[in-house]
Amino acid sequence: IGWSGKAFLSTSCCPKVCIVGSGPAGFYTAQHLIKARQDVEVDIYERLPVPFGLVRFGVAPDHPEVKNVINTFTQTAKHSRCSFYGNVNVGKDVTVGELQQAYHAVVLSYGAEGNRRVGVPGEDLRGVYSAKDFVGWYNGMPSCRELSPDLSCETAVILGQGNVALDVARILLSPLDALKKTDITQPALEALAESQVRKVLIVGRRGPMQVACTIKELREMVNLPGTRPEMVAADFEGVPEALKDLPRPRKRLTELLMKTAVEVPGDKELERRKNATKIWGFRFYRSPTEIFADPSHSRTAGIRLAVNRLEGSGERAQAVLTGEVEDVSCGLVISSIGYKSLPIDPSVPFDSRRAIVPNSVGRVHQAAGLYCSGWLKTGPTGVIATTMNNSFDTARSLLEDVDSGTLDISTGKPGSQIVSMLLEERGVKPVTFSDWEKIDSLEMRKGEACGKPREKLLTVEEMLKILHL
Amino acid sequence: MGLTLRLSRVIPDCRSCPLYRFNGCVDNTAGSQRRGSFDNLRTINRHLQTSICLYQAEEGSSNAEDPDDVVNVVYIDRSGKRIPVKAKVGDNILYLAHKHGIDLEGACEASLACSTCHVYVNSAHFDKLPEPEEREDDMLDMAPMLQENSRLGCQIILTPDLDGIELTLPKVTRNFYVDGHVPKPH
């Protein structure tokens, strides 16, 4: 009887995988790995004491169903072969190199925490914010707590026409009664109660057939109580003719946009619009060139927009300057032109042009045992479902590598044992998943007291304090 | 006996249960903000009410199977493998898949806020389905590899005329198990 020397001489070790980031990418990667092999152990490291990334800090407060995915992630976190370590800053508290030594594989899933800059004069004036920071502010992201946006102006201009732009517009114009029942933070609610913003322009450099938002979010704007749409009919020239050749999602979206902007509504809708006190609209073919300060220089007073025309059509259409400009008075400018990933550790390859970690199906280039998933892998676009597929792909690559021997799991790895030791030496106190559950319960109890699903804790200090860490 | 007990319905119809009406059911916690009615299905076993909430009986209790209630369903998973399943009238395609360890995600838990339960329906049965509501169409628009016969699994409720329905899971990712390896349910 022959026996495989390998099977006897080395205990076939359970593969130990470390995931950096506990948003959808991290959790879906973990889920897939744990499901696929009965011996994989996964440790998820997260910088904040609380998990779930953009599901907690990005998804709008009035979209609670989208957050149901937290239940799936919670199941994963509580699996016997999964452990969560919050309050650990990879790159600072522990290096990626140290993680690679401790684990058979490391998956980077830390997303995109930076902003794409507009790159125009006046961008740093008071009254100009990135959508990422504005959304982080109303969603209780600790790093955005001090934003205190100035909402004491009538007109807000949002640069960008994706779903984040629509979220911002909707939160700015939503009736307060609707927001009061969500998990929006108390300071944001108070600021919005005092807001004087009555008109929101959502500006994009191309045309109606290039908007990046999706139909669900557009419909929410169209149906937003107390508001009416105001757009430029001329922007829709050529659109009706192009409709028939569009793929279904783009077609339905464009039809709704056109109907809202151009069609004369029925009596009921006319009446509703007459009674509306707030206005919103898309402005097309406009690119920002400068943001103006008011004479006392203390805040934004307006924005100069260059007028474009389109060359080409469809997704690949390019905006080309015409030479004309248009000035718009406004006191609030929110740039929603994209998030951006940042490099975590000098040892990890990073493509600064595309702001992603260079990879092939999640395998980081020139870095054995290193993988990436989520926005860090593909760039910051897509919804949770997109990230889910993306993360499953990375997990499959990792598993293929284990099966083929490319990823060597023949020697045991210490995993969290050694990392915990390092963290303790460095005075870092990791937060466990059951610690998070204590924070979770507290937030829900606080929320119940004021008719909200939760009242979020707003600082890391507060979170650690209730855990006695 | 005129009363047909739907013992393995995956969707609990709580409205007729006395515990629901008197707020005594632990699955209907006051203050729950979620409007989707399926949010506590994962805890269904823990809150099993034996004599009163008959609707929540779990799989395996096949002793009162009514043959007229049975609907044969075939799932075709992402590797092309056919998985026949015996289901019941009233079953929901998404939760039925979960019950049988089929790899169909339901991130938003059937609240029409995602497209992860996207399936293709075979042509013979596609037209028998009721038209999707606008909200389903809106979410379908976001699904990768949308086809004419695409639907969201969480919106398909089995009726007797759907007997023989075949649901194919889209191959949405660049690589998938080609060796027949079946991921274990989580």
Side-chain angles (χ1 to χ4, degrees), chain A residues 24 28 31-32 34-38 55 59 63-76 79 181-183 214-219 247-253 256 361-362 382-386 388-397 399-400 403 444 447-448 451-454, chain B residues 29-43 78-79 98 101 103-118 134-148 150 152 154 169-179 181-186:
Chain A
Y28 274 129
Q31 175 188 308
H32 194 99
I34 289 170
K35 223 162 107 159
R37 281 181 71 114
Q38 296 299 308
V55 179
V59 174
H63 287 168
E65 304 86 2
V66 177
K67 301 191 202 195
N68 283 350
V69 76
I70 285 178
N71 295 333
T72 308
F73 297 163
T74 298
Q75 264 197 314
T76 301
H79 194 283
K181 304 187 210 140
T182 71
D183 64 6
T214 53
I215 196 167
K216 173 170 174 272
E217 284 72 13
L218 175 59
R219 229 185 265 289
R248 177 190 130 147
R250 179 59 72 183
K251 180 161 186 263
R252 290 180 79 240
L253 175 64
L256 178 60
V361 203
V383 294
I384 291 176
T386 327
M388 178 187 84
N389 291 325
N390 160 335
S391 304
F392 287 173
D393 263 348
T394 295
R396 275 188 259 267
S397 293
L399 292 164
E400 270 172 22
D403 287 343
M444 290 195 289
E448 225 179 317
K452 296 163 81 170
R454 73 176 59 239
Chain B
T29 47
S32 165
Q33 290 291 321
R34 293 197 232 115
R35 272 165 274 118
S37 53
F38 309 112
D39 44 305
N40 285 313
L41 273 177
R42 284 211 176 78
T43 59
R78 298 183 209 276
S79 69
H98 287 176
D103 182 21
L104 188 61
E105 287 296 321
C108 75
E109 299 179 356
S111 40
L112 287 177
C114 79
S115 56
T116 57
C117 67
H118 172 212
E134 191 176 71
R135 293 199 306 147
E136 180 183 348
D137 271 334
D138 285 356
M139 295 322 299
L140 270 173
D141 279 359
M142 314 264 275
M145 300 176 61
L146 190 67
Q147 289 177 179
E148 290 286 337
S150 286
L152 294 183
C154 69
L169 273 57
K171 293 184 177 63
V172 290
T173 54
R174 266 189 265 180
N175 48 354
F176 48 88
Y177 296 114
V178 289
D179 60 352
H181 172 96
V182 178
K184 306 256 184 323
H186 59 104

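Only this structure's heavy atoms are used, side chains among them; waters, hydrogens and symmetry mates stay out. All values derive from a computational prediction rather than experimental measurement. Within every chain, numbering begins at 1; the chains are lettered A, B, ... in the order of the sequence lines, protein sequences first and strands thereafter.
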List the residues meeting salt bridge (Lys or Arg N to Asp or Glu O under 4.0 Å) with Asp138(B), not counting sequence neighbours, and say none if there are none. Arg219(A), Arg252(A)
Are any side-chain N or O atoms of Ser397(A) and backbone N or O atoms of Val361(A), one a donor and one an acceptor, separated by less than 3.5 Å?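 Side chain of Ser397(A) to backbone of Val361(A): a pair is present.
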So for Val383(A), is it side chain, backbone, both, or neither that comes closer than 4.5 Å to the heavy atoms of chain B?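 For Val383(A), side-chain heavy atoms alone lie under 4.5 Å from chain B.
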With only heavy atoms counted, which part of Phe73(A) is less than 4.5 Å from chain B, the side chain, the backbone, both or neither?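 Answer is neither: Phe73(A) stays 4.5 Å or more from chain B.
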Students often mix this up, so state it plainly: with edges at 30° and 60°, are the rings of Phe392(A) and Tyr28(A) parallel, tilted or perpendicular? perpendicular
Of the listed residues (Met444(A), Lys216(A), Arg248(A)), which shares the most heavy-atom pairs with chain B below a 4.5 Å separation?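 Top option by heavy-atom pairs under 4.5 Å: Arg248(A).
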Under the side chain to side chain donor-acceptor pair (under 3.5 Å) rule, collect the residues that match up with Thr214(A), sequence neighbours excluded.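 Thr214(A) satisfies side chain to side chain donor-acceptor pair (under 3.5 Å) with Asn163(A), Glu217(A) once adjacent residues are dropped.
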